[in-house]
Every structure is written in structure tokens, then in C-alpha cells.
Amino acid sequence: MDLSVLLSFAKIIAVIAYLYGLFWIMGLKVRPVTIAGKTLDLSLAINVAGVVVAFGIIQLALTDFGGFRILNEFDTGLLYQACTMTMVALGLNLIYGFNGQFSLGQWGFYGIGAYAAADVTYRWVNGDSSGLIVLGVGTILAGVIILLVGRSLSNLRRMPVLSSFTLYLLGALVSGYVAVLIGRWVSPLLNPLLGTNLEPGPLAQGFWLQIIYFLAVVFAGIFAAEISFLFGLPVLSLGSDYFGIATLGFTIVVYTLMVNSDTFLPFPEMRGGRGMIGIPKLTTWFWAFLFMMAVIVSMRNLIRSSYGRAMISVREDEVAARAMGIDVAGGKLLAFVIGSLFAGLGGGVYAHYIGFLSPGTFDFLIGFNPMIIVVFGGLGSMTGTITASFGWIFFLEGMLRDVLGRISPQAPSWRYVLYPLTLLLLMLIRPEGLMGKIEWGFLKIPVVPLRDTKQEGEVA
Amino acid sequence: MQSISRPQKMPVIVKPNSFLAWIGRGGLILLALLIAYILLRNLIEKPLFFVTNIINGLQLGFVYALIALGYTMVYGIVKLINFAHGDVFMVGAFTSFFAIDRFKLHEWPLRAFPTINPVLGIALGTITTILLSMVVCVLLAVTIERVAYKPLRDAPRIAALITAIGVSFFLEYFGLLDFVFSARFIPYPRPFEVTTWYIADGIHLTQPGEPIPENAIVISNILIIIVILTLGILLFLQYLVRRTKIGIAMRATSFDKPTARLMGINVDSVISFTFAIGAAFAGLGGVLYAIAYPSIKTLMGVYPGLKAFISAVLGGIGSIPGAFVGALIMGQAEALTASYISTPMRDAVAFTILIIVLLVRPTGIFGEPEKEKA
Amino acid sequence: MNTTAETRPVVLQIEGLTKYFGGLRAVYNFDLTLYDGDLVGLIGPNGAGKTTIFNQITGLYLPTSGSIKFNGIELVGFEPHEITRLGIARTFQNIRLFGNLTVLDNLRIALHSQAGYSLFDGILMTRKYRQREAEILERAQELLEIMGLTKVQNELARNLPYGEQRRVEIARALACSPRLLLLDEPAAGMNPKEITQLMDLIHFIRDKFKLTVLLIEHQMRLVMGICEQITVIDFGEIIARGTPKEIQNNPRVIEAYLGKGA
């Protein structure tokens with residue numbers, strides 16, 4: 001065995017250990033201490049400090065100490081890819097693992113998020129603020145209209161899904177049109193502050209650019225979520241297998257649109273099948289970590305809340321869930337929209353790390369990857385999904401490509417033959433995934449202690 | 001505890017014929033009118049070109065039908081989307097490619113019996129090639145079924161679905177390796193010359209080098225072969241399923257596996273037989289597709305496979321005539337979209353049609369209405 | 001029903017309920033009136049349409065015609081989860097617990113409609129969320145204690161013995177805070193001792209939670225033992241109605257159960 005093989009193996013172990021350490025310290029509960037007569041619960045402080053330290057460790061590893069870095073350029077790339085993959089896969093696990101809807105559309109929403117966010121910042125650094133304004137106004141307006149339409153439809157029953165879909169779609173189209181009008185009107189006022197690509201204005205550099213990046217990613221995520229709402233509304237009523245095929249179709253349609261983004265769609269800067277270049281590389285470890293942790297924490301809280309339990313009940317038994325007062329259709333839609341939001345955020349982060357978007361990245365064959373990751377990690381296990389995402393990227397894209405590349409130049413393509421085989425073996429041996437439903441540390445669902453039994457009204 | 005939320009307003013029940021219910025239908029009708037307008041205008045402006053498109057769509061549709069039959073039968077019997085079916089189709093095309101290109105299998109009658117009538121010789125040789133492809137596909141599909149799907153028969157359906165995806169990926173990525181099929185487009189050597197006729201004031205045989213008049217309907221012998229073979233297979237399958245013993249066993253198995261087993265049906269061999277027969281037609285489809293569109297590649301099975309599956313769902317999954325009708329619709333939709341709307345959107349149209357049909361009629365065109373649930 | 005004037009309020013009033021599946025008539029012209037605190041049985045041979053009636057009351061099926069009024073509210077057209085929120089809870093003939101979840105979670109899911117905090121409260125873990133969650137937990141544990149299930153609260157529901165699964169299902173239905181409880185063959189698969197316990201339990205929860213109970217049952221001992229009124233249906237139509245004693249001696253009932261000539 002080569003030394004560098006051992007080294008890359010050690011890196012995988014280190015990354016996984018890092019994640020487990022992070023979740024451990026985030027879930028750490030300490031006994032309250034009494035200082036100067038006051039009882040303080042330090043758990044939260046320790047958890048937050050742990051996150052900050054964890055952030056710092058990687059930040060240090062990424063810092064250049066006179067030509068030496070613990071994590072080189074290649075590893076950094078893997079790290080960012082793993083973060084985005086975690087977001088996408090967690091979103092899919094919410095849809096599929098927790099809510100039981102077999103979706104192959106996650107990759108499409110990822111692509112939508114990537115292209116939308118990239119377009120905003122690309123235009124921004126090239127002196128055009130219309131991207132941000134149209135996307136921002138459009139998503140907010142569409143969100144408001146969707147909520148309003150939803151409210152006005154709420155006392156209708158047995159409404160054909162096609163009709164409500166048509167109403168929502170009209171609302172979304174109107175808000176998109178209004179957003180374009182507003183963009184046309186407002187952006188010339190802002191554009192002088194942006195300068196040009198070579199001479200950035202005050203709003204197109206430094207702090208302000210970071211803000212724009214943040215807004216672009218968030219709006220792109222919301223945009224993906226709204227598309228998923230419009231798509232999911234009719235399609236979620238189809239039933240599991242058909243839903244899977246329809247979402248696969250969604251990914252294919254998104255891919256087709258990307259390939260024709262400069263001809264069929266009016267976005268010449270996306271350059272269709274040739275790929276979009278010149279996206280500012282704004283993703284730093286700070287942002288990648290921030291977005292990933294936001295996704296992990298909010299998903300964990302969601303799963304623990306009553307809404308999360310309602311989603312899980314839909315997976316377990318739809319009829320029983322309805323009989324227990326759970327709005328099954330609403331729960332499915334909610335999980336689908338939130339899952340797509342995560343994918344959209346992941347896409348935004350990815351686009352600004354890689355700086356180049358090609359439709360080939362969003363091909364539906366690659367779109368099976370998140371599904372496979374979720375299955376590997378275990379349906380309904382967040383820990384498993386996160387581990388599998390990091391393991392997948394570092395092992396398959398990192399180590400295996402490296403190791404096989406040494407054997408012969410053609411060998412790296414063998415890794416795509418290996419992983420379906422692994423998947424088949426896994427399905428035969430351990431169909432519930434590597435982790436099953438086991439959670440770790442902060443993600444662990446606490447066991448509720450037995451109640452102090454008061455001896456009253458006991459029966460049987 | 002907060003008290004239970006009680007609806008403040010009485011809900012309004014939307015009657016099937018009320019205005020609100022017509023909003024969605026109205027949208028669909030507008031869409032249909034728009035499509036009808038586009039098609040009619042083109043039909044009136046260039047009727048011959050329109051007919052040519054219809055014929056192209058037919059050719060595509062009949063090939064899809066061959067693949068869709070396998071999908072619909074397998075889904076009907078084990079409720080599994082056999083993602084690998086499109087790759088079996090690809091293997092069929094490649095088998096015939098190697099047989100023709102490397103071993104000149106299609107010329108064996110000419111070599112063995114030099115005095116044979118050349119047309120008969122080529123026909124025999126082609127049939128041999130097709131049979132070889134079908135046999136290879138059957139072996140492949142039965143192996144897949146035995147190795148990958150059978151152990152999971154009692155597992156959750158989703159495990160089988162993931163396995164199907166895994167098998168499909170294995171075949172694709174293995175085929176993509178340079179020493180197997182590689183990722184390139186490979187020109188396909190046809191076993192026989194494709195002869196075309198054009199119809200413009202009378203039927204003419206197209207001579208090599210002769211330009212086809214602009215306003216002419218072109219028909220090729222491969223189209224005729226595809227149509228005749230597919231129709232024959234359709235009739236054969238209907239006969240098989242309705243009249244023969246194995247057909248009854250298949251229907252029984254698809255209806256209720258445990259009971260079928262109790263009735264003395266060997267469920268495993270019935271399922272294998274279903275996979276085999278589907279794969280045989282996929283192999284045939286692969287060869288015909290390659291002859292009709294003579295350029296093959298490893299991922300050639302992905303889109304036809306998906307569209308064939310959509311055809312099967314469209315027609316009502318499990319129904320053999322349904323798969324056929326669905327495939328014809330899919331072929332027309334694809335050909336007409338490519339010509340009159342936008343070439344890249346032809347894949348999108350397939351899925352849009354699927355979603356709309358399922359929303360209006362959840363069990364597909366020929367599907368039986370849903371039964372009472374427990 | 002009783003000819004004497006009833007002073008208790010009407011909880012459930014079903015009139016002319018009819019359901020066709022395609023050409024098959026599952027329920028025809030079914031009437032039923034339940035007064036507050038009633039404990040009424042619905043019996044009939046297999047396939048007589050009992051569960052279909054339950055499914056229509058709870059909104060899983062839309063009736064072909066007829067009306068179902070609950071506390072004066074017309075239920076036809078409401079979604080199943082809304083009907084549950086209005087105060088009708090049910091159990092299932094073939095137990096439908098959320099098998100991969102703990103007993104406690106099964107109950108907490110039933111309490112979802114009473115959670116009273118928004119999605120954002122949940123994601124941000126606000127004070128309201130913590131408060132409500134504590135209340136939900138308290139309520140769920142209280143119910144488990146009443147049903148004698150405290151010890152198994154962290155077990156997966158599918159790992160419980162059959163009798164306990166039945167109790168969990170009743171507890172879960174009670175967690176919906178119903179006024180009307182529909183029990184679909186609660187005694188199926190139970191031995192005589194368990195049935196006796198179940199009879200006590202049904203009486204107990206009816207009094208404790210001030211419920212009205214409608215139950216479907218095959219076990220004659222249970223029905224005859226606890227129901228005040230019994231309605232018998234066959235082929236979707238009412239063939240008899242009365243007190244247990246009247247039903248036992250009704251020739252049409254005997255015929256329906258044992259066949260002609262018995």
C-alpha cells in the first residue's frame with residue numbers, strides 16, 4: 001500500500017470522526033453548576049462553543065502556513081462538495097426516509113438552486129442588479145400569493161387538484177411577471193453602484209458581495225421550494241411509483257431546460273450545454289459550514305417537533321395517520337417543499353464553490369446519487385445520511401479516484417461499476433442501510449423517562 | 001392543552017360540474033385547443049410533411065411498444081419498475097452489433113449455401129441475428145431476476161426498486177468502460193439495405209443518389225418490418241395471456257401470489273418466464289431500433305426505456321393493449337413535438353402527458369378502476 | 001329506537017346513508033342516532049358493510065348519498081383528519097399502529113392536531129414549542145398510565161403483544177380527544193379473559209372521558225354484555241335493532257348469522 005493511500009484513508013476516518021465529535025459535543029448535556037449561589041445550565045454554552053471550535057478546526061486546516069496546508073486544494077473541494085451533498089441528501093431523506101415519498105426530483109431542485117443563485121451573483125458582479133431584484137421580489141411575491149390562494153381555498157373540499165394547481169400556477173406566473181417589471185424599473189437605479197466586472201463598484205465587493213451571496217443562495221433555495229410546491233401539488237397525489245417516475249421526469253425536464261437555457265430560455269449568460277462560466281467563487285468554509293449546520297439543525301428540530309412526527313406517521317400508515325387527525329396531503333407537501341428548499345440551498349452553495357455550472361452535472365443519472373446515499377446511510381437516519389454523504393464524496397470522488405488513477409488512466413471509471421455492486425450487496429445483506437435508524441449525539445432522539453406513577457385511576 | 005380546532009366555517013364542497021372544478025379542466029382544454037390548432041395549421045399548410053411526421057412517430061411508437069410490453073408484464077406481475085429493462089434493450093442492440101460487425105453472422109446462409117437466393121439468405125441471416133440477440137437478452141434478464149430480484153421478493157418493495165436501479169447502473173457503467181461498449185456513438189452496420197419508397201403521384205423506389213422530391217411521403221422497409229412484427233407479437237401475447245396455461249398462471253400470479261402458490265402454480269418460474277418474454281421483445285426491439293436508427297451507444301436504452309415505461313403507465317400498467325396504445329401515443333407525441341414545438345422539449349412532453357393523464361385518470365387509459373380498499 | 005322521549009343531546013345522526021362501489025351496493029339506507037353517553041353495537045355477518053359505515057363516518061369514503069350529522073354539523077365532505085379534529089376517533093379492525101415508532105410517539109402523533117404551535121416554533125425551538133411539547137408529553141403519559149401502558153412507552157409498537165397493541169390503539173384514539181369513539185372489532189383475536197378486561201375498559205373509558213361509543217364486533221359475548229342498543233345489518237341494510245335481549249331472539253338475525261333453515 002502506498003503511503004498516500006493510507007493518508008487519504010486516514011482523511012476519511014478523520015472527517016467522519018470530526019463529524020461524530022461535532023454531533024457529540026452539540027448534544028452534550030452537563031449537570032447545572034452552582035457558581036456564587038446561582039445555578040447555571042452550561043449545556044447550551046458548551047454546545048455553541050463546540051460548534052465554534054469545530055468550525056475553527058477546519059478553518060485552521062484550510063489556512064495556508066507558508067505553503068503548507070493540512071487540507072490541500074483537492075481536499076477543500078471535496079469538503080465543500082460533501083457539505084452540499086449533505087444538504088441535498090438530508091432534504092431527500094426528509095422526503096423519502098421520513099415521509100416515505102420516493103422522489104427522484106431532488107437533483108432537479110439542486111440544479112434549479114445552483115443556476116438561480118449563480119445567475120444572481122454572476123449578473124451582480126457584471127454590473128446588473130436585475131437578477132437579485134427579480135428573483136427576490138419574485139420569490140417573496142409568489143410566496144405571499146401562494147399563501148393567500150391557499151387560505152382562500154382552505155374552506156373548499158373535494159377541489160380537483162388540477163383546478164387548485166391552475167390557480168396557484170396563475171398566481172406564480174403573475175408574481176413572476178410583476179417581478180420582471182419591477183426589476184426592469186429598479187435595477188437601472190442600482191446598477192451604477194455595482195460598477196463593472198473589472199472595476200467593481202462599492203456594492204459588488206467585500207462585505208456587500210457576501211450579503212448578496214447570502215441573499216442569492218437563500219432566494220435560490222426559496223425559489224426551488226416554490227417550484228417544488230407547484231410541482232408537488234398535483235404530482236404528490238399520484239401515488240408512490242408514479243410519483244417517482246414523475247419526479248424523475250422533472251429532473252430530466254430541468255436538465256433539458258439547462259441545455260437549452262440560452263435558446264429556449266432567455267438566459268444567454270448560462271450558455272446552454274456549453275456550461276455557465278465566470279460565477280464568482282464566493283463559497284468559503286464559513287458559508288458552507290453555516291448553511292450545512294442550518295440545514296442539519298433545522299431538520300433535526302423539525303423531526304423532533306410534532307410536525308416531524310406527523311410526517312413520519314404518513315410514512316408508516318397513511319390511513320391511520322388520517323384517522324388520527326393528520327393532514328396527509330399537507331404533510332407530504334410540506335416535507336417535499338422543505339426537502340427541496342434544502343436541495344436549492346445546497347445548489348447555491350455548490351455553484352459558488354465550483355464557479356462553473358454544466359448541465360452534465362445535473363443529469364438524471366447522477367441524480368440517483370443522493371438517493372443511493374440516503375439508502376446507504378439508512379432511511380430515516382440523519383446521522384447515516386450525513387456520514388454517507390461525506391463518506392461518498394471522500395471515498396468515491398477522493399480516495400477511489402486517486403487510488404484507481406494510479407493503477408491505470410482508465411481505472412477511475414471502474415468506481416462507477418463498483419458502487420452499483422456495493423448497492424446490490426447492501427440491499428441483499430442489509431436493506432435498511434448501514435446505519436439503520438440509529439442516531440448519534442445531538443441527533444439522537446432522547447428516550448423519555450418513565451413518568452412518576454401516581455396511583456390513581458389505573459385499570460387492567 | 002389547547003382545545004381542538006373546530007372549523008369556523010362550513011366547508012364548501014366543490015361539485016364536479018361547478019365553476020371551480022372547471023378551472024383545471026378549462027386549462028387543459030385550452031392546452032388541447034392550442035395543440036390542436038398547431039397541428040391543424042401544419043396539416044393544412046404542409047399535409048405531406050405532416051403525414052411523414054406521423055409515420056416517423058409510428059415507427060418510434062412501435063419500437064417503444066416492444067419495450068413497453070416487457071415493462072407492463074413485469075410490473076403487472078411483481079409490481080416492480082424494472083429499471084434495467086432499457087439496458088436489456090441496449091444489450092440486444094449491441095449483441096446484434098457484435099454479431100454483424102465481428103462475426104458477419106447475418107451472412108452465414110450466403111457463405112454456407114452460396115447458391116441460395118440472396119434475399120432469402122439475408123433474411124435468414126438477419127433472423128438468426130435477431131434470435132441470437134433475443135436469447136442473450138433472455139439469459140441476461142433471467143440472470144438478473146434470479147440473482148438480484150428473487151432474494152428480495154418478500155422484502156419491502158422499495159428495496160427491490162433500489163436494486164433495480166443498481167442493476168441498471170451496473171449494466172450502464174459497465175458498458176461505458178472502454179473495453180466493453182465505451183461511451184462513444186458507434187455506427188451500426190445494418191444487416192440488410194434499408195430500401196425506401198416515396199409516394200408522390202405514385203409509389204417510387206428511391207434510387208441511390210436520387211433526391212427525394214420535397215412533397216413526398218417516405219416509407220421504408222424497416223418501418224413495415226417493425227409494424228408487422230410488433231402487431232404479430234401483440235396478437236401472440238394476447239393469445240398467450242388469455243388462452244394458454246402459462247398465461248392463466250401469469251394472471252393468477254399477478255392477482256394474488258400466495259393463493260397462486262397454493263393452487264400449485266410455480267410462482268418463481270412464472271415470474272422468470274415473464275422476465276424472459278419481456279426481455280426477448282426488448283432484444284428484438286433493440287435490433288430493430290438499431291437498424292432503423294443506425295447509431296448505437298451504451299446509454300441508448302435509458303430514454304427509450306423511460307418512455308416505454310411511461311407508455312405502459314399511460315395505457316394502464318399491466319394491460320398489454322394499453323402498453324401498445326400508450327406507446328403509439330408516446331411515439332406520436334415525440335415526433336410531433338420535435339417537428340412542431342421544440343426538439344429539446346420532446347422529453348418534457350412525454351412526462352407532461354404522463355402527469356396529465358394520471359391526474360385525469362389515475363389508472364391509465366386501459367387500467368381498471370381502483371377497487372375498494374380495506 | 002326507544003319510544004320514550006330522549007332528553008340527552010344527539011351526538012351522531014345518520015340518515016339514509018348509501019354507498020355503492022361501482023355496481024356493488026355496500027350500504028343501503030342506513031340510519032342511526034346516537035345520544036350522548038350511548039354505548040351502541042353494530043353487528044352483522046362478514047361483508048355486511050359495517051366497516052364501510054365506519055369509513056364513511058370518518059370520511060375515508062364519500063357516501064353515495066345520505067347525511068351524517070355530528071353535533072349538528074354535516075360531516076359529508078369533510079376530510080378524514082378534519083372529522084377527527086371535530087371529535088370522532090376510531091380504531092381499526094386490523095390494528096394499524098405506527099409499528100416502527102414507540103408507543104409514546106404513537107400517542108403524540110394523535111395529539112398533533114392539538115399541538116398548538118407553528119412549524120417555525122418547532123424549527124426554532126421557541127418557548128412556546130417547549131411548553132406545548134411538555135404538555136403533549138404529559139397528556140400522552142397520562143393516557144398511557146390510565147391504560148396501564150406506562151411500562152411500554154418506549155417500546156416499538158410492533159414489538160408489543162397483541163392485547164397491548166389493542167390497548168395502545170384505544171389509547172391513541174383517546175389522545176385525539178374524541179366525543180365519539182368508534183371501535184372496529186376491538187375484541188378480535190382475544191381470549192375470554194382479555195375480553196372481560198376489555199369490557200371493563202370500555203365501560204371505564206366511556207365514563208371517564210364522557211364518551212359516546214359505537215362498536216363493531218363479532219364476539220357476541222362482548223356485544224351482548226356491554227351494549228345498550230344493538231343494530232344488526234346484513235347486505236348493507238338494517239335487519240334489526242333493539243336491546244341485546246331483543247336481538248338474541250330475533251328470527252331475522254338468527255337467519256342472517258346461521259343461514260336459512262337453521
Side-chain angles (χ1 to χ4, degrees), chain A residues 96 100 102 153-167 169-170 234-235 237-242 244-246 248-250 252-253 255-257 259-260 263-264 319 325 364-365 368 371-372 375 379 410 413-424 426-428 431-432, chain B residues 4 7 9-16 20-28 75 79 81 147-148 151-152 155-163 165-170 172-174 176-179 299 302 306 309-310 313 342 344-345 347-348 350-352 354-356 358-360 362 373:
Chain A
Y96 179 39
F102 182 71
L153 292 183
S154 67
N155 73 332
L156 297 177
R157 295 296 175 278
R158 313 273 160 189
M159 174 85 161
V161 68
L162 264 175
S163 296
S164 43
F165 169 72
T166 310
L167 291 176
L169 184 69
L170 284 177
V235 171
S237 64
L238 294 184
S240 68
D241 280 357
Y242 298 158
I245 286 294
L248 178 63
F250 178 79
I252 291 175
V253 172
Y255 170 78
T256 315
L257 288 177
V259 173
N260 300 289
T263 50
F264 197 77
V319 174
F364 79 95
L365 279 178
F368 282 100
M371 173 56 73
I372 292 164
V375 172
L379 294 173
Q410 274 93 50
S413 47
W414 269 94
R415 67 189 198 278
Y416 292 116
V417 181
L418 287 178
Y419 93 76
L421 282 181
T422 332
L423 187 72
L424 291 180
L426 185 80
M427 278 296 116
L428 289 174
E432 69 272 33
Chain B
I4 297 185
K9 276 189 275 184
M10 273 305 291
V12 178
I13 297 168
V14 177
K15 298 262 159 41
L20 282 167
W22 273 99
I23 292 177
R25 267 175 250 162
L28 280 188
Y75 192 96
K79 303 283 174 289
I81 305 179
V147 174
L152 290 169
R157 268 181 61 207
I158 210 68
L161 192 61
I162 300 279
T163 309
I165 294 172
V167 171
S168 166
F169 272 31
F170 174 74
E172 281 160 20
Y173 285 119
F174 188 72
L176 280 175
L177 293 176
D178 278 341
F179 68 92
L299 296 181
V302 177
L306 271 177
F309 178 72
I310 294 176
V313 175
S342 148
M345 290 325 283
D347 301 326
F351 287 100
T352 316
L354 173 78
I355 292 171
I356 291 176
L358 286 182
L359 283 176
V360 177
K373 285 174 288 187

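The sequence lines fix the lettering, A, B, ..., with proteins before strands; numbering per chain opens at 1.
Contact of B:A159 with chain A is made through backbone and side chain together, with heavy-atom distances under 4.5 Å. In this structure, chain B has a heavy atom under 4.5 Å from the side chain of A:Y419, while its backbone stays farther away. Heavy-atom distances place the side chain of A:L424, and not its backbone, under 4.5 Å from chain B. Both the backbone and the side chain of B:L358 come within contact range of chain A, with heavy atoms under 4.5 Å apart. Both the backbone and the side chain of B:L20 come within less than 4.5 Å of a heavy atom of chain A. The contact between B:L177 and chain A is made entirely by side chain atoms (from C-beta outward), counting heavy-atom distances below 4.5 Å. In this structure, chain A has a heavy atom under 4.5 Å from the side chain of B:L161, while its backbone stays farther away. Heavy atoms of A:I252 lying under 4.5 Å from chain B belong exclusively to its side chain. Looking at A:T166, the atoms closer than 4.5 Å to chain B (heavy atoms on both sides) all sit in the side chain, from C-beta outward. Using a 4.5 Å cut-off between heavy atoms, B:L28 contacts chain A through its side chain alone, with no backbone atom that close. Contacts of B:Y173 with chain A are made by both backbone and side-chain atoms, with heavy-atom separations under 4.5 Å. Contacts between A:L169 and chain B at a heavy-atom distance below 4.5 Å are absent for every atom of the residue. Contacts between A:L418 and chain B at a heavy-atom distance below 4.5 Å are absent for every atom of the residue. If you measure heavy-atom distances from A:P160 to chain B, the contacts under 4.5 Å come from the side chain alone. Within the 4.5 angstrom heavy-atom criterion, only side-chain atoms of B:V302, from C-beta onward, approach chain A.
Closest heavy-atom contact between A:T256 and B:M345: CG2-SD, 4.3 Å. Contact record, A:Y242 with B:P362: CE1-O, 3.8 Å, taken as the closest heavy-atom pair. Closest of all the heavy-atom pairs between B:A21 and A:S163 is O-OG, 3.3 Å. Nearest heavy-atom pair, A:L428 versus B:P151, reported as atom, atom and distance to 0.1 Å: CD2-CB, 3.7 Å. When every heavy atom of A:M427 is checked against every heavy atom of B:L152, the shortest pair comes out as O-CD2, 3.6 Å.
In this structure, the separation between CD1 on B:I165 and CG on A:L423 is 8.0 Å, given to the nearest 0.5 Å. Atom CD1 of A:I372 is separated from atom CD1 of B:I162 by 7.5 Å, given to the nearest 0.5 angstrom. Atom CZ of residue A:F165 and atom CD1 of residue B:I355 lie 8.5 Å apart, to the nearest 0.5 angstrom. In this structure, B:D347 CG and A:F364 CZ are separated by 9.0 Å, a value rounded to the nearest 0.5 Å. The structure places CG of A:L421 at 13.0 Å from CZ of B:F169, a figure rounded to the nearest 0.5 Å.
Most heavy-atom pairs under 4.5 Å with chain A, from the set B:L354, B:V167, B:L176: that is B:V167. Among A:V375, A:I245, A:V253, the residue with the largest count of heavy-atom pairs under 4.5 Å with chain B is A:I245. Counting heavy-atom pairs under 4.5 Å between each of B:A155, B:S342, B:G24, B:A350 and chain A puts B:G24 at the top.
Taking 4.5 Å as the limit, some side-chain heavy atom of B:F174 sits within range of a side-chain heavy atom of A:W414. Counting heavy atoms from C-beta outward, A:L248 and B:F309 have side chains that stay 4.5 Å or more apart.
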